[in-house]
Amino acid sequence: MNIFKAFENDIRAILASLAEAGSIPAGLDLSRVTVEPPRDPAHGDLSTNAAMVLAKPAKMAPRALAQMLVDRLTARGDVVSADIAGPGFVNLRLTPAVWQERVRDILAAGTAYGDSDAGGGHAVNVEYVSANPTGPLHAAHGRGAVFGDALASLLKKAGFKVTREYYINDAGAQVQVLGRSTYLRYREALGEDIGEIPAGLYPGAYLKDVGQALAARDGDKWVGTDESVWLPVCRDFAISMIMDWIREDLGLLGVSMDVYTSERAMVESGAVGAALQALEDQGLIYVGVLEPPKGKKPDDWEPRPQTLFRSTDFGDDVDRPLKKSDGTNTYFANDIAYHYDKFRRGSPTLIDVLGADHGGYVKRMQAATTAVTAKQGSLDVKICQLVHLLQNGEPVKMSKRAGTFVTLRDVIESVGANVVRFIMLTRRNDQTLEFDYAKVTEQSKDNPVFYVQYAHARCKSVLRKAAEDGRDISVAALAKADLSRLEAPEEMEIIRRMATWPRLVEAAAEAHEPHRVAFFLYDLASDFHALWNKGKDDATMRFLIDGDEGISVARLALVHAVATVIASGLQVMGVEPVEEMR
RNA sequence: GCGCCCGUAGCUCAGCUGGAUAGAGCAUCAGACUACGAAUCUGAGGGCCGGAGGUUCGAAUCCUUCCGGGCGCGCCA
């Protein structure tokens, strides 16, 4: 149960009944009315801005409006006090029981605590990773993978129907390059001296494996044949093998997609023509000449008529080409068809998780999505900024040109999938992220992964100790606890924190910001570590009190709830909670 | 030149879609273990929220304009 949502609904109901009674004008817009935990706990448990938001449209003094709310709210049994504060906030203090009972909610729900129906089963398609199938995933891909996956989990928890999707760019010029590069490695595998890899082909050593696998499968069958014969073979073989690697790497990270969509298959199905026709029918395609780009001008620039999409009608800066000079479709044209395809498969809400170098692509794709779906679909693009890999503060050297880069697999193997996933979510997506091998495996509070896991392990440690003492720590037994015994300020604080979890799930899902989960867990862990240490100073604050089973059971229920909420949050992040630290 | 993103404590970052006195961690200083794991905790100092205007009951948050950093800018994907 979401306390904040519940009171928000109740306050709306009170306002409606006040309007009915003629105390306030009818038909006020209540959409800006919110109920939040006040930043300063001294102000109370809940706070609403209703009086301030409605004062102007109601043509009433904020405090007069607030007083009416106060009168109604104080009449409730679960409200201890309601006060007007500051410019017109109404602050509520609830009975301890309202909070204490949340512990029972948590025990009953398990890690499903925080699940919401806010999404109403609305379909959302989250496309992420979508790395080109020309090489193994590198470290930076990991961020998009983790972000997209956590966002998908978060949306699912918030009640959306989520599709996780990977778009395989297997249709463009780069997979032709891949095919040629593979052919060289194939001949090399058969014993030929291929010398230096020519400029323009992929130099990466990983293609040796592909060449050898092809040679092992087909022998010298393709040597001496025409390029029109071997190119498709080499290309498709390489794509297939590399996609297998990518799937394996994602598997190591705990990422599994619902759908892999092939660009080439989509193109061959005629979907691009259909999508362009949809734009044509709306008069959004024309032939024109673009202005040259300002500033840095390409050497071979010359004005030339192109087939253009009127993306400026939808907020873009210039109209965008759909056809190359040889008459074939641009990547953008294919992408329009792809987004149209996702829409037609049943997701009006689309999310693309892209890398930092795609920032300039956002406006046109949003414009195209709006246009091609006749404004029925919407696209949110989440750009993940760069990851700086560090080793003890020193940048890890990488060169794409030389074909040397840190693979995602290397990173996972050196620090573990749980660490990669957690750390990648400790920054907002549009903030660059430093990933220091030394720091992320450090066992200190400076390392949020450790800090949160340690809190969970401590919970489990208490429960183990209780079980060793012969206590029944089953959920059924703990659920019978007399929770009114949890009256210490530190205990109430941690309960209030856990009560905000359902609210946080909804807010983070709506904002498409999974990093908020990581910060919430850090705060919750901090509350728990503080409570733990309280027992050092004050023996009556220990979890297990000999001779007082009532409070021991209540506190065990609390500890179990904390472990459950941490596990619930980690589940969204795709991180496994640990039972004990090693 | 244009577009997008970022600018918050010495450092690394949050800030709940406009709320009350702007918060954490690290670093600095001062404290707490005969333990359900001190790998933790408690406290102190530290800020013109890049600058300047504007919008309103109220701005780190929205608008305008500068400054600084990152990414991108027809026929690549």
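This structure is a prediction, so every number in the text was calculated from the model and none was measured. Sequence lines set the chain letters: A, B, ... in the order given, protein chains first and strands last, and positions in each chain run from 1.
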*asked:* On the side chain of A:R464, is there an atom forming a donor-acceptor pair with the base of B:C36 - under 3.5 Å, no angle test?
replied: no
*Kindly say whether, by distance alone, the side chain of A:R428 makes a donor-acceptor pair under 3.5 Å with the base of B:C13?*
no
*Between A:N91 and A:L531, which is nearer to the 5' end of RNA chain B once each is assigned its nearest nucleotide?*
A:N91
*asked:* Between A:V90 and A:L290, which residue's closest nucleotide on RNA chain B lies nearer the 5′ terminus?
replied: A:V90
I want to verify a distance call: between [options], whose nearest atom is closest to the [X] side chain?
X      : options             : result
A:R542 : B:G19, B:A35, B:A32 : B:A35
A:F543 : B:C36, B:U17, B:U21 : B:C36
A:R516 : B:C75, B:G58, B:G15 : B:G15
A:H529 : B:G74, B:G19, B:U40 : B:U40
A:H515 : B:G15, B:C41, B:G37 : B:G15
A:N132 : B:G19, B:A77, B:G74 : B:A77
A:L544 : B:G3, B:C36, B:G19  : B:C36
A:Q431 : B:A32, B:C57, B:C13 : B:C13
A:R503 : B:G15, B:A77, B:U17 : B:U17
A:R427 : B:U12, B:C57, B:C36 : B:U12

What does the list of N/O pairs under 3.5 Å between the protein and nucleotides 23-29 of chain B look like, with a distance for each?
| unit_1 | atom_1 | unit_2 | atom_2 | d |
| --- | --- | --- | --- | --- |
| B:G25 | O2' | A:D446 | OD1 | 3.3 |

Ion pair present between [X] and [Y], side-chain N to carboxylate O less than 4.0 angstrom?
X      : Y      : value
A:K439 : A:E434 : no
A:E513 : A:R516 : yes
A:R471 : A:E549 : yes

Measure [atom1]/[X] against [atom2]/[N] and give the value in whole Å, please.
X      : N     : atom1 : atom2 : result
A:K324 : B:C76 : NZ    : P     : 5 Å
A:H141 : B:A77 : NE2   : C1'   : 12 Å
A:L433 : B:C6  : CG    : C1'   : 14 Å
A:W532 : B:A32 : CH2   : C1'   : 16 Å
A:H43  : B:A22 : NE2   : C1'   : 14 Å
A:D538 : B:U42 : CG    : C1'   : 14 Å

*With A:S325, which residues qualify under side chain to side chain donor-acceptor pair (under 3.5 Å), at least two apart?*
none
*Measure the acute angle between the ring planes of A:Y331 and A:Y361, then classify it against the limits of 30° and 60° as parallel, tilted or perpendicular.*
tilted
*On the 0 to 90° scale, with breaks at 30° and 60°, tag the A:F314-A:F309 ring pair as parallel, tilted or perpendicular.*
parallel
*Which one of A:D352, A:T349, A:T261 satisfies the side-chain hydrogen bond (donor to acceptor under 3.5 Å, both in side chains) criterion with A:K342?*
A:D352
*Apply the test side-chain hydrogen bond (donor to acceptor under 3.5 Å, both in side chains) to residues A:S444 and A:D446: give CA-CA distance (whole Å), side-chain angles for both, the deciding distance (0.1 Å), then the verdict.*
CA-CA 5 Å; A:S444 79; A:D446 192 22; 5.1 Å; no
*Base, sugar-phosphate, or nothing for A:K534, non-hydrogen atoms under 4.0 angstrom?*
nothing
*Reckon A:K363 has a side-chain N or O less than 4.0 Å from the OP1 or OP2 of B:C4?*
yes
_Beyond-backbone contact of A:L486 with A:R555, side-chain heavy atoms, under 4.5 angstrom_ = yes
*asked:* Please tell me whether A:Y338 and A:Y167 form a close aromatic pair, meaning their ring centres lie under 6.0 Å apart.
replied: yes
*Given Watson-Crick or G-U pairs with both distances under 3.5 Å, what dot-bracket string fits RNA chain B, with | for other-strand pairs and [ ] for crossing?*
(((((((..((((.....[...)))).(((((.......))))).....(((((..]....))))))))))))....
